[in-house]
Structure formats: C-alpha cells, structure tokens
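Read through the structure below, which is laid out as structure tokens, and then see the notes.
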Amino acid sequence: MFEINKIILTLLSLLALEVMAKFPTDPKPCKYGDKTCIMSTIEYLMQEKSQGFASLNLVKTEPLKVAKIVIKQGAESPVNIDLTFTNNDLVGFSKIKMVDVKGFGKNLATKHELYCTASTLSLIGDYSIKGRVLVLPITGTGISNITMVDSKIRIQFVGSPAEKSDGVYMDIKSVRMSVEPGKMIFNFGNLFNGDKILGETMNAFLNENWKEIYQEVRATFTKAFAQIFSSVINTVFSKYPYEKYFTE
Ligand SMILES: *[C@@H]1O[C@H](CO)[C@@H](O)[C@H](O)[C@H]1NC(C)=O
C-alpha cells in the first residue's frame, strides 16, 4: 500500500512538472495590469487562435457555439414573443478590436473589465418564433441571421480566489455584460410557412424597428451572452494558477 502511494505521488509530481513546463511562451505572459500588452494578447488570441488554443484552455471562438437561447416576453411587452434559437453560431469574434481593459493586476480579487468593439457579429442558426411584434403577429421556423453592426461590448466580472494544491486560481463571479449595437439586421428565413411576401415585409418591419425590439429583448440576450463569455473566460483561467498568466 505504502509503495503504491509513493508511486502515485511520484507520478503526480511528474505531471505537475509537465503542466508547469507547458505554459505557453507564445503569446508571452504580460506584466500584471499592462493594458497595452493584455489588449494585444486578447486580439492575437481571437485572430490567430480562433479555432481553439489548448495550451490556454481557450475554446474555439470563431464561430462561437451557442447551444440555446430562449426569449419569452410577456403580453405586457410590445414585443410579445416566444423565440428560441438552437444550435447557433456566433460569428465575428476573430475581428474584435480591444478598446480598454481594467484589472488583471496582482490582486485577482478585484473588478476586471474588458471593453471591445465588433464591426459585425452574426448569430446564425435554427430559430422558432411565435407571438406579436409591435401589434403584428409573427410565426416561423427556419434559419435566422441576426447581425449586429458596430457594437460596443463590455464585460465586467469580479475575480474570486480558488485555492488548489498548486496555487491560487481565479474563478469569475458577478459577471455583467452590455452589448450596444449601432444597428441590427434581422433575417428570419421561412417566416409564415414560407410565404415570401409576408416574410419579406416582416423582416423589413423588424429592421426598421430594430431599436425598440432590441430594448425589449436586450436583457435576455445579454444574459445569455454573459453566460457564454464567463464560461470561456473561466475555462481559460482554470488551466493554471492566476500568477502563471502574468509576470512582475
Ligand atoms: C448575415 O447577415 C449579414 C447582414 O445582412 C450578412 O452580411 C452576412 O453575410 C450574413 N451571413 C450569412 C452566413 O448569411
């Protein structure tokens, strides 16, 4: 029994060494709180490692998979719809531009913030809709493309320390997100059982009224996105203790 424990311990410490040895040198870690370096590293990861980057536990972000978003607006809302997106792709993250970052200093237990712009972000995949939009009835099932043009995206969270045997990891908590599109383009295919004229009229109507529609659905939308992004970020920071991501 004693022997087996010893072997396991040896194996574990070898594994730990392996893990430490594999921390990537490309991209190089930034200094704590170094905005310019952190922003260019994020842009680099989004552009060059958009298909995933195992050495930082970064999942594929272009496209980013969105399993399901359910929007249910009650009758009191002018946008009274049941809208479900399933198996959608969010396309456009490889072209984001960072505007600012806050936090990522030596103390992980503070507020951190990422602020970027995206020239186009499209949510593409299966949808199903039923209800009323500003008094007009709408029904349909098919493939939709919801595109946000010139968006300002902010994500804020608080770091929470998680002690493990090899160091202190960062868990992220209290995630808040805001997405401010400059414009939205809706394209719901096969509305009204494929009635072409009704479908085109409805899409044109949605596009004219995108602002009012977005105001009504933004809370549900941003909550769904916040969940996706916090999972991406949490996964990245679950690979190594926080201090491994930065240098002094
Ligand atoms: C989605 O819609 C946008 C805006 O109309 C368009 O530029 C883009 O090519 C569309 N994407 C797909 C896959 O249809």
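Numbering of ligands and ligand atoms starts at 1, following listing order.
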Asn88 side chain to Thr86 main-chain N or O, any donor-acceptor pair under 3.5 Å?
yes
Got a donor-acceptor contact below 3.5 angstrom from the Tyr32 side chain to the Asn107 backbone?
no
Mind checking whether Phe85 and Phe188 have parallel, tilted or perpendicular rings, split at 30° and 60°?
parallel
Listing request: all side chain to side chain donor-acceptor pair (under 3.5 Å) pairs with a residue in residues 205-219, at least two apart in sequence or in separate chains.
Ser77-Glu216, Glu180-Arg218
Sorted by chain and number, the residues that approach ligand 1 to under 4.0 Å with a heavy atom:
Ile124, Asn145, Thr147, Ile185
Could you check, using the six-membered ring where one of them is a Trp, whether Phe237 and Phe157 have ring centers closer than 6.0 angstrom?
no
Pair Ser128-Asp126, side-chain donor/acceptor within less than 3.5 Å
no
